[in-house]
Amino acid sequence: MPAPERADSHEPEVPDMHRTALLFTAGLLAAGLLACGGTTVRPAEDTPAPEAAAAPDQIAVATLVDSTGAQVGVATLSDSAGSARLGVSVAGLTPGMHGLHIHAAGTCTPPAFESAGPHFNPDARKHGAKNPQGAHTGDLPNLLAGSNGSADTSFAVSTDLTRAGPRFVFQPAGTAIVVHAGPDDEMTDPSGNSGSRIACGVFKEP
């Protein structure tokens with residue numbers, strides 16, 4: 001009788017599709033083991049930190065003093081990307097509205113501060129935003145003091161105040177910022193019936 005045929009000793013061949021699935025599963029298991037071992041997975045690229053906003057350029061600073069010569073606040077004129085702002089922080093006022101103006105002389109002699117001269121008015125206009133023939137370059141919004149007598153605010157102003165020219169805050173005679181005792185009606189010459197000058201500061205380079 002012929003000898004019986006011997007079975008092949010090798011394992012049956014695994015189809016390609018099954019081999020691919022086995023390799024993929026093995027890869028997942030290896031990744032899991034690495035993660036359990038404390039390996040840190042990092043993104044391909046670090047996310048860049050956001051750029052910080054550019055600080056505004058300080059153009060001028062004025063230290064405000066009261067009728068006794070005591071410091072009561074500060075005003076800062078700045079320009080950021082062609083947008084000018086005036087910030088005012090002051091204490092010791094009565095609660096309510098106070099006229100606020102830039103004056104045409106850089107001198108603050110207490111107690112009345114008459115040395116600061118008239119409003120800064122290079123275009124020879126009338127006083128007040130509500131005046132058809134106004135306003136002065138030095139006319140500013142009313143300053144609102146809270147119940148504690150302090151104000152801390154900022155507002156947009158003309159960029160002419162921050163650039164060389166006839167309306168620039170630095171003139172041969174200088175300029176000053178003055179706080180008045182009462183509100184400015186934004187109409188009446190020469191200062192909107194805003195009353196006496198109670199605080200003053202000369203603009204200087206920061």
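The chain is numbered in sequence order, starting from 1.
Taking all atoms of both residues into account, the shortest heavy-atom contact from Met97 to Asn142 is SD-CB, 3.8 Å. When all heavy atoms of Ser150 and Asn148 are compared, the closest pair comes out as OG-OD1, 2.8 Å. Nearest heavy-atom pair, Val72 versus Ala199, reported as atom, atom and distance to 0.1 Å: CG2-CB, 4.3 Å. Closest approach of Thr94 and Ala181 over heavy atoms only: OG1-O, 4.4 Å. When all heavy atoms are compared, the tightest approach of Leu100 to Pro141 is CB-O, 3.6 Å. Closest non-hydrogen pair, Leu64 versus Val74, comes out as CD1-N, 3.9 Å.
Taking His98 as the reference, nothing meets the ring-ring contact (aromatic ring centres under 6.0 Å, His included) condition, with sequence neighbours excluded. For Phe155, there are no ring-ring contact (aromatic ring centres under 6.0 Å, His included) partners two or more places apart in sequence or in a different chain. Taking Ser67 as the reference, Pro111 meet the side-chain contact (heavy atoms from CB on, under 4.5 Å) condition, with sequence neighbours excluded. Taking the side-chain contact (heavy atoms from CB on, under 4.5 Å) definition, one finds that Ser154 meets it with Arg85, sequence neighbours left out. With sequence neighbours excluded, no residue satisfies side-chain contact (heavy atoms from CB on, under 4.5 Å) with Ala129. Asp160 is linked by a salt bridge (Lys or Arg N to Asp or Glu O under 4.0 Å) to Arg167, counting only residues two or more places apart in sequence or in another chain. Every residue two or more places apart in sequence or in another chain was checked for a side-chain contact (heavy atoms from CB on, under 4.5 Å) with Ser147, and none qualifies.
Note: the hydrophobic cluster containing Ile102 also contains Ile59 (ILVMFWY, side chain heavy atoms under 4.5 Å, direct or indirect links). Under the 4.5 Å side-chain heavy-atom criterion for ILVMFWY residues, a single connected hydrophobic cluster contains both Leu77 and Phe120.
Under a 3.5 Å cut-off, the side chain of Ser115 and the backbone N or O of Thr109 do form a donor-acceptor pair. Although no hydrogens or angles enter the test, the distance criterion places a donor-acceptor pair under 3.5 Å between the side chain of Thr162 and the main chain of Thr159. Of the possible polar contacts, none joining the His101 side chain to the Gly138 backbone as a donor-acceptor pair under 3.5 Å is found. Between the side chain of Asp139 and the main chain of Gly128, a donor-acceptor pair closer than 3.5 Å is present. In this structure, Asp66 contributes its side chain and Thr68 its backbone to a donor-acceptor pair below 3.5 Å.
Pairs engaging residues 63-86 under the ring-ring contact (aromatic ring centres under 6.0 Å, His included) rule: none recorded [sequence neighbours left out]. Sorted by first and then second residue, the pairs that involve residues 192-202 and meet side chain to side chain donor-acceptor pair (under 3.5 Å), not counting sequence neighbours, are His180-Ser194, Asp185-Asn193. Sorted by first and then second residue, the ring-ring contact (aromatic ring centres under 6.0 Å, His included) pairs with a member in residues 182-206 form an empty list; sequence neighbours excluded. Applying the disulfide (SG to SG under 2.5 Å) rule to pairs touching residues 169-206 yields Cys108-Cys200, sequence neighbours excluded.
For Asp184 and His127, the side-chain atoms include at least one donor-acceptor pair closer than 3.5 Å.
Thr153 places a side-chain heavy atom less than 4.5 Å from the side chain of Leu143.
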Return a table of donor-acceptor pairs under 3.5 angstrom between the side chains of residues 168-178 and protein atoms on other chains or two or more places apart.
from   : atom 1 : to     : atom 2 : distance (Å)
Gln171 : NE2    : Gly165 : O      : 3.0
Gln171 : NE2    : Pro166 : O      : 3.3
Gln171 : NE2    : Phe168 : O      : 2.8
Thr175 : OG1    : Val169 : O      : 2.6

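Checking Lys126, His119, Gln133 one by one against Asp189, the side chain to side chain contact (heavy atoms under 4.5 Å, CB included) holds for a single residue, Lys126.
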